Amino acid sequence: MKKRRLQIIAVIMITAVTLLFSSFGRVLDIDDRVLVHAMGIDFANGEYNVTLQVFTTQGMGSDTPVDVSQSNIQVISRKGKTVREAIDGCQYELGKEIFLGHLQLICFGNTVDFSNPEELFSFAIKDKNVFLGVKLCMTENTAEELMNVQLTRGTMSSENFTKVIDMGVKNCITVECRLIDFLSCINSPQYVAMPILTEEQSAESGGSQEQQGGQASGQGGGQEQNSRQEPVIKISGTALIKNGEVLDDYLTHSEASGTAWLMGKAKQYDMVIEYEDRRLDVKVTNDGRKIKLENKNGELIYKADITVLAHASMDVRTEEDSEKIAKLVNEQLKEYFYSAWDKTVKQNGEDIFGIWKMLRHQYPKSYMEYEDRLDEIYSAVKLNANIKCRVE
């Protein structure tokens with residue numbers, strides 16, 4: 001009896017493993033799939049234009065599976081009434097199944113409507129392979145143009161895009177935006193900040209000075225300089241999205257820095273201060289943050305107590321020097337904080353600091369009263385930023 005039971009368990013396990021690897025009779029072959037690493041989404045004339053960066057395993061002019069000297073990507077674009085329909089169009093043209101499990105980045109043109117994230121991102125919500133931490137960004141023109149940028153650095157353009165965003169977030173010049181951040185806005189007020197990526201050309205000279213000099217002498221004194229244009233991807237600002245609409249105002253690097261500190265997302269920031277008639281480099285790192293919403297005599301105060309460490313590029317030997325540097329860092333950070341607050345909350349009613357959440361939690365009656373007119377709250381609430389700086 002015991003032997004029979006073991007045989008039944010073994011048969012069940014073998015059957016389960018067989019079904020797992022065969023996908024219920026359908027053999028999965030990597031050659032029948034297309035791996036998408038980056039996606040661009042534009043909207044115009046009632047249609048979505050989806051541009052996919054597809055990984056290719058064979059670089060041109062190479063006998064190796066992956067040619068590190070090439071971008072190793074293929075770009076394909078298709079239009080549809082929905083994003084899913086446009087993706088299916090790309091799939092039909094390629095003759096292979098689109099696999100989004102390796103998706104790293106989604107880039108949007110500035111005309112995309114974000115008011116219904118559940119519909120916009122339905123292609124990702126229904127696909128369990130899509131990572132909810134996928135990075136989101138915007139571009140000043142069209143996402144298709146950015147997806148078609150040919151970069152020679154790295155094996156895939158998507159790697160360059162995500163590295164630029166990661167570095168910008170690390171150095172506190174923009175605010176990270178992920179797929180999960182947008183999906184969390186479903187059925188709730190939508191306030192989102194998103195990095196803006198742009199492309200610019202930079203000339204890179206080819207050949208050494210000796211080679212160029214030899215060419216010049218060989219051509220009777222004429223000069224010829226080999227140069228090529230290498231695209232450069234950079235963060236030009238941070239977009240503000242309110243209730244589905246991309247606002248005309250965007251955050252500069254310093255305003256994005258102040259925003260990141262107030263949101264508790266800042267890790268470090270490099271600044272230059274004027275100290276005793278010379279410029280001093282200071283790296284500021286986060287050492288703690290406490291945020292609360294206070295009601296003082298009917299006036300709402302957003303109180304932010306932030307502790308930072310200032311690492312100066314000079315040896316700080318006296319207490320007096322330490323106090324002077326701390327004061328200068330304090331003043332500059334406060335300038336960033338209040339300029340970010342004015343741009344987001346005061347001018348645009350953009351509550352990326354979660355004021356409405358704290359109001360609902362701490363003062364539920366007031367929230368119920370102003371739920372449909374939160375802009376009145378944003379115009380009245382004041383920022384009280386207190387910074388404690390320790391110099392090391």
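It should be emphasised that the depicted structure is a prediction, and the values quoted were computed from it without experimental measurement.
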| Test item: D113 side-chain N/O and S115 main-chain N/O as donor-acceptor pair under 3.5 Å | yes

| query | Can you name the closest pair of heavy atoms from A304 and I291 and give their distance? | reply | CB-CD1, 3.3 Å

| task | Could you tell me whether the side chain of Y363 and the main chain of N295 form a donor-acceptor pair under 3.5 Å? | result | yes

| task | For salt bridge (charged side-chain N to carboxylate O under 4.0 Å, His left out), just list the numbers for E274 and R279, CA-CA rounded to whole Å, side-chain angles, deciding distance to a tenth of an Å, and then say yes or no. | result | CA-CA 5 Å; E274 297 291 337; R279 294 179 178 179; 3.4 Å; yes

| remark: Between V192 and C185 the two heavy atoms that sit nearest each other are CG2-SG, 3.9 Å

| message | Could you report the tightest heavy-atom contact between N286 and A266, atom names first, then the distance? | response | ND2-O, 3.2 Å

| S313 (side chain) donor-acceptor with D281 (main chain) under 3.5 angstrom | yes

| When you look at Y269 and Y336, which way does the ring-ring contact (aromatic ring centres under 6.0 Å, His included) test go after all the steps? | CA-CA 12 Å; Y269 185 73; Y336 293 165; 5.6 Å; yes

| query | Is there a donor-acceptor pair under 3.5 Å between the side chain of Y338 and the backbone N or O of A385? | reply | yes

| task | Look up atom CD in E294 and atom NZ in K303, then write down how far apart they are to the nearest 0.5 Å. | result | 5.0 Å

| message | With heavy-atom distances below 4.5 Å as the criterion, would you say the side chains of F161 and C137 are in contact? | response | no

| remark: In terms of heavy-atom contacts, A143 and G109 come closest through CB-N, 3.9 Å

| said: Among residues at least two apart in sequence or on other chains, which ones pass side chain to side chain contact (heavy atoms under 4.5 Å, CB included) with V112? | reply: I41, F43, F108, F114, L120

| message | Applying the salt bridge (Lys or Arg N to Asp or Glu O under 4.0 Å) criterion to K242, which one of D249, D351, D248, D375 satisfies it? | response | D375

Under 3.5 Å, which donor-acceptor pairs link side chains of residues 124-136 to any protein atom two or more places apart or in another chain?
from: D127; atom 1: OD1; to: N129; atom 2: N; distance (Å): 2.9
from: D127; atom 1: OD1; to: N129; atom 2: ND2; distance (Å): 3.3
from: K135; atom 1: NZ; to: D166; atom 2: OD1; distance (Å): 3.2

| Sidechain-backbone polar pair: N386 side chain, D305 backbone, donor-acceptor under 3.5 Å | no

| query | Is the backbone N or O of E97 less than 3.5 Å from a side-chain atom of Q91, with the two atoms forming a donor-acceptor pair by type? | reply | no

| query | Are L309 and I273 connected, step by step, through hydrophobic side chains (Ile, Leu, Val, Met, Phe, Trp, Tyr) whose heavy atoms are closer than 4.5 Å? | reply | no

| Any chance the side chains of N141 and T139 put a donor and an acceptor closer than 3.5 Å? | no

| task | Report the distance from atom OG1 of T252 to atom CD of E255, rounding to the nearest 0.5 Å. | result | 3.5 Å

| request: Give me the ring orientation class for F123 and F121: parallel if the planes are under 30° apart, tilted from 30 to 60°, perpendicular past 60°. | output: tilted

| task | Report yes or no: do D321 and Y275 form a side-chain donor-acceptor pair below 3.5 Å? | result | yes

| Inter-residue atom distance R373.CZ - S379.OG, 0.5 Å rounding | 11.0 Å

| Does some side-chain heavy atom of M314 sit less than 4.5 Å from a side-chain heavy atom of L280? | yes

| query | Would you say the side-chain atoms of Y378 and Y370 include a donor-acceptor pair closer than 3.5 Å? | reply | no

| Under 4.5 Å between side-chain heavy atoms, hopping through other hydrophobics if needed: is there a path connecting V34 to Y92? | no

| query | Regarding T285 and H311, is there a side-chain donor-to-acceptor distance under 3.5 Å anywhere? | reply | yes

| request: Verify the distance criterion only: is there a donor paired with an acceptor across the side chains of S236 and E140 at less than 3.5 Å? | output: yes

| message | Ignoring hydrogens and geometry beyond distance, is a side-chain donor-acceptor pair present between H37 and Q53 at under 3.5 Å? | response | no

| query | Do you know which two heavy atoms are closest between L383 and F337, and how far apart they sit? | reply | CD2-O, 4.0 Å

| Counting N and O atoms only, with roles assigned by atom type, does the side chain of N49 sit under 3.5 Å from a partner on the main chain of D42, one being a donor and the other an acceptor? | no

| Under 3.5 Å, is there a donor-acceptor pair linking the side chains of N171 and Q268? | yes

| So with a 6.0 Å cut-off around NZ of K334, is the heavy-atom count from everything else above 12? | yes

| query | When you look at CD of E119, are more than 12 heavy atoms from neighbouring residues, nucleotides or ligands closer to it than 6.0 Å? | reply | no

| field | Contact summary for S77 and E144, nearest pair of heavy atoms | value | OG-OE2, 3.4 Å

| task | Compare all side-chain heavy atoms of I325 with those of V329 and state whether any distance is below 4.5 angstrom. | result | yes

| field | Distance in Å, T318 OG1 paired with K324 NZ, rounded so as to fall on 0.5 Å steps | value | 7.5 Å

| task | Would you kindly confirm whether V308 and V272 end up in one hydrophobic cluster when ILVMFWY residues are joined by side chain heavy atoms under 4.5 Å apart? | result | no

| query | So do the side chains of N160 and K163 get within less than 4.5 Å of each other, counting heavy atoms only? | reply | no

| Are I301 and M358 in one and the same hydrophobic cluster, where Ile, Leu, Val, Met, Phe, Trp and Tyr link if side-chain heavy atoms are under 4.5 Å apart? | no

| request: Check the angle between the aromatic planes of W341 and Y302 and answer parallel, tilted or perpendicular using the 30° and 60° thresholds. | output: tilted

| message | Does E371, at its CD atom, have more than 12 non-hydrogen atoms belonging to other residues, nucleotides or ligands within less than 6.0 Å? | response | yes

| request: Would you confirm whether K343, through its side chain, and Y250, through its main-chain N or O, come within 3.5 Å as a donor-acceptor pair? | output: yes

| message | Closer than 3.5 angstrom, by distance alone: can the side chain of Q190 be matched with the main-chain N or O of G244 as a donor-acceptor pair? | response | yes

| Are I196 and L146 joined in one hydrophobic group, where the rule is that I, L, V, M, F, W and Y side chains link up if heavy atoms are under 4.5 Å apart? | no

| query | If you draw a 6.0 Å radius around CE in M368, do more than 12 non-hydrogen atoms from other residues or ligands fall strictly inside? | reply | no

| Any donor-acceptor pair under 3.5 Å linking the side chain of S257 with the backbone of H253? | no

